[in-house]
Every structure is written in structure tokens, then in C-alpha cells.
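Following: one structure in C-alpha cells, then a few remarks.
Keep in mind it's a predicted model, so treat the numbers as computed, not measured. In the text below, chain A, chain B and the rest are named by the order of the sequence lines, each starting its count at 1.
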Amino acid sequence: MPVFDYSLLLKGPYHDMLVAGLVLSLELAAATLVFALPLALLVALLRIAPVAVLRWIGFGFVEAIRNVPLLAHMLFWYFGAPELLPESVKLRIYQGNIEAISAVIALTLYTAAFMAEDVRSGIRAVPPRQFEASRALGLGYVATMHRVILPQAVAITVPPLISQTLNLWKNTSIATVIGAAELMYQAGQVESASFRSFESFAFATTAYLAVSLIITGLAVRYQQRFPARPA
Amino acid sequence: MTELIHTYWLYFLVGPYPNGPLGGLALTLLLASLALLLGMPIGVLLGIARVSPYPALRWPVTALMFIVRGTPLLMVVFWAYFFLPSVTGHKTDKFTTMLIALVIFSGVYLAEIVRAGIHGVPKGQVECARSLGLGHWRTLRFVILPQALRAMLPSLLNQFVLTLKETSLGYIIGLTDVAFIATQINTLVFTKPAEVYAILGLTYFLLCFGLSRCAQWIDRRHTHVIKSARHDPI
Amino acid sequence: MIQFENVNKWYGTYHALVDVTETVTQGEVVVVCGPSGSGKSTLIRTINRLESIQSGTIHVDGRNIHARDMRLNEFRSRIGFVFQQFNLFPHLTVLENCTLAPLQLQGLTSAQANERALALLDRVGLAHKANAWPANLSGGQQQRVAIARALAMQPPLMLFDEPTSALDPEMVGEVLAVMRGLARDGMTMVCVTHEMGFAREVADRILFMDQGKVLERATPDEFFSRPQHPRAQQFLADIRTPFATA
């Protein structure tokens with residue numbers, strides 16, 4: 001077994017490639033979070049709306065997305081969806097960073113579907129008496145949600161959402177199949193260029209674990225500072 | 001779209017078989033089933049180790065589980081793909097590589113489900129068994145595990161659905177699972193990518209949604225409720 | 001049979017048991033009563049080491065139960081414990097609940113274990129339910145099975161932690177009847193209970209506890225007609241006239 005070559009990872013072109021990959025992975029995750037959280041909230045509200053049609057739309061969204069692997073989503077948004085667009089739009093898009101855009105779209109929809117279910121569980125965990133009490137006072141549906149239900153639901157929902165963020169971080173690795181130059185892709189590139197597969201994969205694994213550790217640490221700290229209190 | 005289905009349905013279902021190795025949907029199902037079957041004993045053993053009173057057993061297993069759960073499955077697949085040949089001495093085929101990666105991954109997630117199941121058994125049951133004089137291992141064997149495993153059934157089915165989706169990563173190492181086959185078909189047809197991938201999505205959807213509904217039905221029939229392992233960030 | 005000497009227990013900073021020194025002799029039926037939070041459940045749970053103690057000693061049958069060479073499982077198998085929440089094993093039938101421990105720990109054959117279990121179930125009036133599932137039994141029936149299960153190990157000592165508190169009122173009687181039968185047969189029993197009628201009729205001695213201390217120990221006659229300690233007097237007054245405002 002060849003000697004583990006640390007120098008490869010600490011400086012030089014391969015190091016730069018790996019770090020660039022790590023940065024892009026982080027950017028993909030951050031961009032996804034920005035779009036997925038509001039979308040998840042919207043879908044969760046649809047899921048519990050008083051109107052049946054809205055509930056079915058929410059249900060359809062969640063089930064259609066959750067039951068298809070992220071890989072298939074990525075393939076669809078990269079290979080399939082652009083073909084449906086008119087030529088002019090297509091040309092403009094292809095000039096930009098379409099790999100990253102497709103990845104973010106796929107990741108956003110996928111993560112939002114799971115987060116929506118966690119938000120919905122959080123809302124449902126607030127006892128119905130709270131809702132009744134608020135309506136009895138005269139507050140409308142939206143005001144009740146805004147002032148009474150959602151603030152209580154937030155505390156319960158945060159741990160599962162952090163868990164989903166962990167999943168999101170790991171899922172960014174799948175963007176490699178459509179050629180997005182994130183960490184996994186770069187690790188593969190370094191491997192084929194230098195044949196030092198152990199070093200490049202060790203770097204990537206350590207990077208993934210480090211961020212996973214940070215995210216998990218956040219969850220533990222949150223649970224310590226805000227233990228779930230029953231109403 | 002119908003001509004697409006009409007022309008390629010068999011290839012989609014079983015790949016180049018019998019003129020080549022099994023592929024397509026059949027391969028996906030086979031891979032997921034084997035992964036879960038082989039992963040289950042590992043999951044139970046790791047789960048028991050995780051709740052055992054001996055730190056020498058608990059800490060290494062907890063560390064191992066953290067490492068596997070903090071790493072993307074794709075990474076595990078890559079490790080298996082690049083390093084299994086040097087470990088086993090000869091070239092491992094893609095199916096075995098993917099299977100081993102999935103077994104390791106599922107085993108750890110199943111361990112978490114087992115651990116949650118064990119914790120879900122009411123504390124009074126444990127106190128009572130210990131009061132009768134049953135020691136730690138006998139209590140586990142006769143009182144805790146029978147109740148835990150029964151309550152875990154919906155979570156197990158859920159894990160099977162997850163594993164089905166995870167088989168799609170075989171695409172990356174060239175395993176002819178249904179996602180790979182879809183891409184091959186896309187290359188052949190070339191002019192209908194949206195439709196090809198929509199059919200792929202629909203296939204996964206029907207399979208996974210159907211299984212999830214089964215799980216919910218089983219869950220409703222069993223009145224046991226345990227906290228889902230998904231909601232524990234650690 | 002049981003000797004407490006200067007037993008103290010803390011939960012964090014909360015002093016749950018304060019300098020408890022008591023003796024229970026063989027064949028005695030001792031009832032422990034008192035207001036909520038007085039430490040009665042804690043006290044009884046220290047006897048089979050479901051709770052730990054920080055100072056003092058507890059001897060059962062002459063042996064220090066916290067000694068290093070004490071084999072915990074064997075020790076516990078010789079004490080019968082009946083819980084407030086019954087805690088029957090839901091995945092086993094009534095008969096299997098009663099035969100599990102004897103089969104595993106006393107090396108009985110199936111035939112022997114079944115025979116013993118059926119005799120005990122008959123004694124508590126539930127032999128006809130031997131193959132039923134716990135979920136299909138009423139609370140009172142489940143608790144009687146729990147008593148049979150505890151008796152199946154043939155312990156010389158039985159501990160009861162509020163055995164009727166979780167039952168609907170009409171089922172309390174059937175459980176107390178079983179316990180009375182046990183007492184008449186000479187079993188050493190320590191019971192934590194609110195059932196004063198049972199205490200008056202069956203107990204040899206009553207221990208009254210409040211805030212972790214045993215404040216009064218007396219025979220039922222003395223306790224109910226001439227309570228000495230003011231807290232005990234208050235307790236009995238509250239029980240007799242719950243709505244008194246004076």
C-alpha cells in the first residue's frame with residue numbers, strides 16, 4: 001500500500017480543486033436551504049388547509065417528490081426539463097452554470113418535501129386546544145397560525161429540520177452525476193488525475209464528517225437550550 | 001410516450017437479461033431486498049451493542065454509526081468501489097460492490113431503528129422484568145426485543161423504501177439498475193429526455209408510494225407507537 | 001426479615017428518605033401510608049434495589065443487600081414486586097407471563113412451570129384466563145395476574161407499590177381480596193396503599209410517612225383511633241372529611 005501522501009492535500013493544485021469542491025458543496029446546501037425552508041412552510045400549510053383541494057395539492061407534491069430518488073430528480077432537471085423550454089431560454093440557460101442550477105432545483109424540491117412533513121408534524125404536535133382557544137378569542141385563521149400555533153410549533157420542529165439539513169448536506173454529493181463540480185466530483189477528478197484515490201477520498205470523507213459534526217453539534221446545543229416543554 | 005413504453009418496457013424491467021446480467025427494475029428490487037435482509041442481523045447486533053451497559057461495546061459502535069451516518073452514501077459506494085478489490089484480492093463486480101455499500105449503510109440505519117424501538121418499550125416493562133430477577137440479557141431477549149421488533153415493523157418497511165431509492169446510486173458506478181437503464185434508453189432515443197425521465201420517476205413513485213401506504217396500513221393495525229428514529233439528529 | 005438502618009436517599013438536592021430506621025419481621029403485614037410525595041414508594045423500591053440509597057444499610061434476611069458480593073438478579077428473584085401499573089408482558093399470554101421467570105431462572109421444566117402457574121392463577125381466580133392476552137383483561141384481572149406472576153417465583157417476601165391506585169373503584173375489591181388471602185397464609189408483605197379499610201383489617205402494623213420520614217408506627221387500632229403525631233392526625237382527618245373547611 002503506497003504511503004499516504006499528506007502534502008497532496010495541504011497545498012498545490014489538487015488541494016485547490018478539493019477545496020473549491022467543498023466550497024461549492026456548501027454553497028449548494030446554503031442556496032437550497034434559502035429556498036426550501038419557505039417552500040416547506042408553504043407546503044405544510046397547504047397540507048393542513050381547511051380547503052380539501054389545497055390539501056390534495058400539498059399531499060400530491062410531497063408524495064410525488066418523496067417517493068422518487070434524488071438521483072432521478074437530478075437527472076430529470078438536468079437532462080429532461082431544459083428540453084421542454086423554448087429555444088431562446090434554453091440557450092441562455094446553457095451559457096450559465098446549468099449544473100448547479102439543476103442541482104439546486106432538484107435539492108430544493110426534494111428537501112422541501114421532507115421538511116414540509118416535519119413542519120406539519122410540528123404544527124400537529126401543538127395541542128388542538130390552543131387552536132380552539134385562539135379562535136374562541138376571536139382571532140382569524142391566519143392570525144391564529146401566525147401568533148399562536150407557529151411560534152409553539154417552531155420549538156418542536158427545529159430538531160427534525162436540523163436532521164433534514166444533515167441529510168441535505170449529504171445529498172449535495174449526488175450533484176456529481178450531473179457534473180456539478182462539488183466536493184464528490186472533485187474528489188473523483190483528483191483521483192483520476194493523480195491515482196491517489198485514498199488521499200482524495202479521505203479528504204472528502206473528512207470534510208463531509210466535519211460539517212456533519214458541526215450540524216449535529218448544533219442540534220445537541222439546541223436541544224439543551226430549548227428542551228421540548230409540553231403545553 | 002406510449003411508443004417509448006411499448007418499445008422498451010422489457011429492457012426497462014429486466015435489462016439485457018437473458019442476453020446479459022440482470023438489470024432494470026428487477027435488479028433494483030433484488031438489490032434492495034438483499035441489502036435489507038443482510039443488513040437486518042447487522043442492525044440488530046449493532047442496536048443491541050448501542051444500548052448495552054458495557055462502554056467498551058457502546059463507544060466503538062456509536063463512533064462507527066456516527067461515521068457511517070455522517071458520510072454520504074455515495075462516498076461509501078466510492079470507497080467500496082475503489083478499495084474492495086485491494087481488500088478482497090480480486091476484482092469485485094458492480095453488484096457486489098453496491099450490495100456491500102448498501103448493507104453497511106442499511107445496517108447502521110437499521111441499528112438506529114432498533115435502538116429507538118428498544119427505547120420505546122415502556123420503562124415499567126424493564127423494571128418489572130428486572131424485579132422478577134431476569135438479568136440484562138434475558139430481559140432484552142424475552143421482554144424488550146419481542147415488543148420492540150413488533151413495533152418496528154412500519155419503520156422497517158420505511159427503511160426498505162429508502163433503500164429502494166438508494167439503489168439508484170448504482171448508476172454512478174455503472175450498475176445497470178433502473179436509473180442507468182433509463183439513461184441508456186434516453187441515449188438511444190435522444191429526442192425525448194423529459195418523457196424518459198418522467199417514466200423513471202413514475203416507476204419509482206408507484207413502487208415507493210405503494211409500499212409506504214402498506215406501511216401505514218400496518219401501523220394503523222398495530223396500536224404500538226414508537227418515536228421515529230428520523231427525528232433524533234444523533 | 002427486613003432491616004433499615006439510618007437509610008438516606010437524595011434525588012439531587014431533594015432529600016427523599018430521611019434517616020429511616022425500621023424493621024419488618026417475618027410473617028408481618030406492614031402498610032406504609034402517607035400523603036403524596038412522602039417517600040413511601042421510594043422506600044419500598046429501595047428494598048429490591050430499584051432505587052439506590054446514599055447512606056445507611058438495608059438488610060434482607062440477614063444479608064446486606066448492597067454488599068459487593070450480593071448477586072442482584074438472584075436476590076430480586078426471591079422478592080415479589082407488584083407495580084401500580086401492573087406491567088404485564090403484552091406479547092405473552094397470561095400463562096406465559098407467569099412461567100417466564102421460573103422457566104428461565106429456576107430451571108423448571110415446562111410441565112412443572114405450567115402446573116405451578118395454573119395453581120396460582122386458580123388461587124387468584126383466573127385459571128380460566130390462562131391462555132388469554134393481557135390486553136383482553138380488565139385492570140383488576142391484570143393486577144391479579146401480576147400478583148400470580150410474582151408468586152410464581154415462590155418468594156418469601158412480597159412488596160406492593162400502590163397496587164389498586166390505577167384501578168377503577170369496582171375492581172379494587174377483587175385485588176384486595178387476593179392480598180388478604182396472602183396475608184392470612186402468613187406471607188411477609190409490605191404494602192404502600194391508600195386503601196385504609198384494607199390497612200385496618202389486614203395490617204399488623206402501619207407506618208405513616210411524610211417528607212421522607214417515618215412519623216408514626218402503630219397497630220391499626222392505635223393508628224386509627226389514637227394517632228399521636230399531628231401530621232398523622234391531619235392526614236386521617238383529611239381522609240375522613242375531604243371537604244372540611246375548618
Side-chain angles (χ1 to χ4, degrees), chain A residues 1 63-73 75-84 114 117-118 121 156 159-167 169-174 176-177 183-184 187-188 191 197-198 200-202 204-205 208-213 215-220 222-223, chain B residues 28 66-79 81-83 86 161-172 177-180 182-183 186-187 190-213 228-234:
Chain A
M1 182 100 137
E63 291 301 320
I65 295 198
R66 283 204 315 180
N67 286 302
V68 177
L70 182 56
L71 186 96
H73 285 287
L75 293 175
F76 177 80
W77 287 106
Y78 183 65
F79 290 115
E83 296 300 316
L84 298 172
F114 284 94
E117 281 304 283
D118 287 328
S121 298
I156 307 173
L161 286 185
I162 297 184
S163 194
Q164 289 302 336
T165 308
L166 187 63
N167 287 338
W169 169 242
K170 292 188 288 174
N171 284 339
T172 57
S173 62
I174 300 184
T176 187
V177 303
L183 182 57
M184 188 66 98
E191 189 273 333
S197 44
F198 190 83
S200 65
F201 290 155
T205 308
Y208 279 114
L209 278 175
V211 178
S212 295
L213 190 61
I215 297 177
T216 312
L218 254 161
V220 173
Y222 184 86
Q223 276 182 324
Chain B
T28 298
F66 176 76
I67 291 177
V68 174
R69 288 172 71 203
T71 315
L73 175 57
L74 200 46
M75 196 82 240
V76 177
V77 173
F78 270 25
W79 278 107
Y81 189 66
F82 282 97
F83 292 103
S86 30
V161 171
L162 286 173
T163 310
L164 267 175
K165 295 195 291 173
E166 283 162 4
T167 58
S168 61
L169 294 187
Y171 173 96
I172 293 180
D177 76 309
V178 71
F180 188 82
T183 313
N186 182 40
T187 331
F190 206 70
T191 49
K192 300 178 184 173
E195 287 159 9
V196 172
Y197 288 116
I199 293 176
L200 178 65
L202 192 63
T203 310
Y204 275 118
F205 174 77
L206 289 172
L207 196 55
C208 299
F209 184 70
L211 283 169
S212 300
R213 289 277 121 177
S228 168
R230 267 184 297 136
H231 289 285
D232 289 314
I234 299 187

### Message
Just so I understand: if I count every heavy-atom pair under 4.5 Å between each of A:Val68, A:Leu75, A:Leu70 and chain B, which residue has the most?
### Response
A:Leu75

### Message
When you measure from the side chain of A:Lys170 to the backbone of B:Arg69, do you find a donor-acceptor pair of N or O atoms at a distance under 3.5 Å?
### Response
yes

### Query
Which pair of heavy atoms, one from B:Phe66 and one from A:Thr216, lies closest together, and at what distance?
CE1-OG1, 3.9 Å

### Query
Heavy-atom distance under 4.5 Å to chain A: side chain of B:Leu200, backbone, both or neither?
side chain

#### Entry: Interatomic spacing from CG in B:Leu211 to CG in A:Asn67 - rounded to 0.5 Å
9.0 Å

### Query
For A:Thr176, is it the side chain, the backbone, both or neither that has a heavy atom under 4.5 Å from a heavy atom of chain B?
side chain

### Message
Heavy-atom cut-off 4.5 Å, strictly under: side chain, backbone, both or neither for B:Ile67 against chain A?
### Response
both

### Query
Between B:Phe83 and A:Phe198, does the ring centre distance come in under 6.0 Å?
yes

### Message
Less than 4.5 Å to any heavy atom of chain A: does that hold for the side chain of B:Thr203, its backbone, both, or neither?
### Response
neither

### Query
At a heavy-atom separation under 4.5 Å, does B:Thr183 approach chain A through its side chain, its backbone, both, or neither?
side chain

### Message
I need the B:Leu169 CG to A:Ile174 CD1 distance, nearest 0.5 Å.
### Response
5.0 Å

### Partners passing ring pair (Phe, Tyr, Trp, His ring centres under 6.0 Å) against B:Phe205 (at least two apart in sequence or in another chain)
B:Phe209

### Message
For the interface with chain A, which of B:Ala182, B:Ala179, B:Ala194 has the highest count of heavy-atom pairs at distances below 4.5 Å?
### Response
B:Ala194

### Query
Considering only heavy atoms from C-beta outward, does the side chain of B:Phe78 approach that of A:Met184 to under 4.5 Å?
yes

### Task
Verify side chain to side chain contact (heavy atoms under 4.5 Å, CB included) between B:Trp79 and A:Thr205, making sure each step is shown before the conclusion.
CA-CA 10 Å; B:Trp79 278 107; A:Thr205 308; 2.9 Å; yes

### Query
Which bit of A:Leu213 is near chain B, if near means a heavy-atom gap under 4.5 Å: side chain, backbone, both or neither?
both

### Query
Any donor-acceptor pair under 3.5 Å linking the side chain of B:Lys165 with the backbone of A:Leu71?
no

## Note on the structure
Nearest heavy-atom contact between B:Ala198 and A:Phe76 is N-CD1, 4.4 Å

### Message
Just to verify, what does A:Trp77 make a ring pair (Phe, Tyr, Trp, His ring centres under 6.0 Å) with, not counting sequence neighbours?
### Response
none

### Top contributor to chain A interface from B:Gly201, B:Pro72, B:Ser212 [non-hydrogen pairs under 4.5 Å]
B:Pro72

